[in-house]
Protein chains: 2
Amino acid sequence: MLSNSEQPITNADRTFFKLRKDIVEGVIPAGSKLSETELSTKYEVSRAVIREAINRLATCHLVERKANVGARVVALSPEGLIQLYQVREALEGMAARLAARYMSDEEIGDMQSLLDSHFDKVKDSHNYYQEAGDVDFHYRIVTGSKNEHLISVLIDGLYHLVRMYRVQLGMAGPRVSTAFDEHRHIVNAIANRDEELAEILMRRHILYSKNNIEKKLNHD
Amino acid sequence: MLSNSEQPITNADRTFFKLRKDIVEGVIPAGSKLSETELSTKYEVSRAVIREAINRLATCHLVERKANVGARVVALSPEGLIQLYQVREALEGMAARLAARYMSDEEIGDMQSLLDSHFDKVKDSHNYYQEAGDVDFHYRIVTGSKNEHLISVLIDGLYHLVRMYRVQLGMAGPRVSTAFDEHRHIVNAIANRDEELAEILMRRHILYSKNNIEKKLNHD
DNA sequence: AATGCTTAAATTGTCGACAAAGTTTGTTTT
DNA sequence: AAAACAAACTTTGTCGACAATTTAAGCATT
């Protein structure tokens, strides 16, 4: 799809990004119906570009479309979250393995210094790392795999769903510092070119992450 | 997307399936440009449905689209094949793990008898299993994972690319009987509810499969 | 002859209108 | 009053035309 060129070119691009943002952040509620005519007036574009945007959202699994009926925003559920993290575990585990194989020494160095700079900020404001830092770390691993499929499925697809769960369930989580340590260990494994360990640690990291969010979800 | 409802409803569905078929089977050559107007006359539909079909193909990674420029059929390359199988290894490994966890006893029984019936046909015509049997086996594992993301990424996406490589590189491979044995072992692990082993065996199976195709590809 | 600019052709992006399918409402029938 | 049918309405699917952008061609210039 796009993956790299994240700057919108066409009108459909812009509308797609806006719609995705509004869905992820809950401006358009989960489970609600998406009327093409309604959206076309709201976002001030023709129905054609709305249709294209909705189609793209459907491939991201952010909306579900039925022929001759319409599209609905996906509903958030415990099962959906579990399935999401099952796939993340598989894909990001492999991404970590491939990152250990293919990332350049320079890229690894950048990532290490990135973690260092994050570490300083973690000391002060404890909830900084969660948003920016965590996202940044995972992005680098995934792109470091140099695998187009991995990159597009995760970055263009699953990550937006993950963020949707995080945002709409109000995650600020106390898992900040422990997650940080896990990131350190993963980077070390990659720096040592230990593919096996990198994959194992990443899978475990995501499992922990899942358990953390799952706890919150079942607690309400 | 669709995943389940594989019977086309709308005109865009039909065109999407036709186009996909023609691309996978090489009727439309790999790397060639897709002109919207040209295709709209060829398939006797309006440009709008061609556009929608092309957009869907883009999310399957069967074509690549650039804004204001157009779409091209993806090119087959050794790197592309390797990346494809890296993702398959991760996803289908996880699928096997989840199949061992979630498949019902009945589903497992069906799969075992399916392998039995295939075994008879393998004895006679040695190249039967490759097409129908192999596909059937992997489909059952993937759907057995009960994971929507896994199912859609693999069945709606990657498998068509895999088939494109197979068809266009003329694979009939002598790996028939060995692959069959590997399938047996995987099913056994699933029947024993041994998640760990099921994943390991599936990953190994796909690695072998990759090496087999890779050999052919580098040999020309 | 090669390079750069200008203009023409072709292709993609966007739009509004019409056709088809689904949904709702109101009426009739049991 | 409940169920079944029919008509009106709403929503999606499809189409042809126009606008914007890219590509190609032609011309002028060095």
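Chain letters run A, B, ... following the sequence lines, proteins first and then strands; every chain starts at 1.
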**Q.** Straight-line distance of Asp110(A) CG to Met103(A) CE, nearest 0.5 Å
**A.** 8.0 Å
(Q) I want to verify a distance call: between dC15(D), dG13(C), dT12(D), whose nearest atom is closest to the Val45(B) side chain? (A) dC15(D)
Q) Ignoring hydrogens and geometry, is there a side-chain-to-backbone donor-acceptor pair from Ser145(B) to Ile141(B) under 3.5 Å? A) no
Q: Check the distance between dT12(C)'s P and Ile54(B)'s CD1 and give it to me in whole angstrom.
A: 7 Å
(Q) Can you tell me which nucleotide in dT23(C), dT12(D), dT12(C) comes closest to the side chain of Thr37(A)? (A) dT12(D)
Q) Which whole-number value in Å describes the distance from Asp13(B) CG to dA21(C) P? A) 13 Å
Q | Integer-rounded Å distance: dG13(D) C1' and Glu52(A) CD | A | 16 Å
(Q) Check this one for me: any side-chain N or O of Ser46(B) less than 4.0 Å away from OP1 or OP2 of dC15(D)? (A) yes
(Q) Reading DNA chain C from 5' onward, which residue's closest nucleotide shows up sooner: Ala67(A) or Arg47(A)? (A) Arg47(A)
Q: In whole angstrom, give the distance that lies between atom NZ of Lys33(B) and atom P of dT22(D).
A: 13 Å
Q | Nucleotide dT12(C), atom P - distance to CG of Asn55(B) in whole Å | A | 12 Å
Q) Hey, is the side chain of Thr10(B) poking within less than 4.0 Å of OP1 or OP2 on dT14(D), counting only N and O atoms? A) yes
Q. How close or far is atom P of dA19(C) from atom CG of Asn11(B), stated in whole angstroms?
A. 16 Å
Q) Looking for any heavy atom pair under 4.0 Å, which part of the strands does Leu34(A) touch: base, sugar-phosphate only, or nothing? A) sugar-phosphate
(Q) As a test of reading the structure: which of dT12(C), dT12(D), dC15(C) is closest to the side chain of Ser35(A), going by heavy atoms? (A) dT12(D)
Q) Do any side-chain nitrogens or oxygens of Lys66(B) fall under 4.0 Å of OP1 or OP2 in dT23(D)? A) no
**Q.** Nearest-Å distance for atom pair OH/P, residues Tyr43(A) and dC15(C)
**A.** 16 Å
(Q) Given the ring of Tyr85(A), does Arg88(A) sit roughly above its face, with NZ or CZ under 6.0 Å from the centre of the six-membered ring and within 45° of the axis? (A) yes
Q: Would you kindly say whether His183(B) and His205(B) are connected by a side-chain donor-acceptor distance under 3.5 Å?
A: yes
Q: Output yes when Glu107(A) and Lys146(A) qualify as a salt bridge under the 4.0 Å nitrogen-oxygen rule, no when they do not.
A: yes
Q) Hey, which of these two, Arg14(A) or Asn68(A), hits DNA chain C nearer its 5' end, going by closest nucleotide? A) Arg14(A)
**Q.** Nearest-Å distance for atom pair CZ/C1', residues Phe16(B) and dT14(D)
**A.** 19 Å
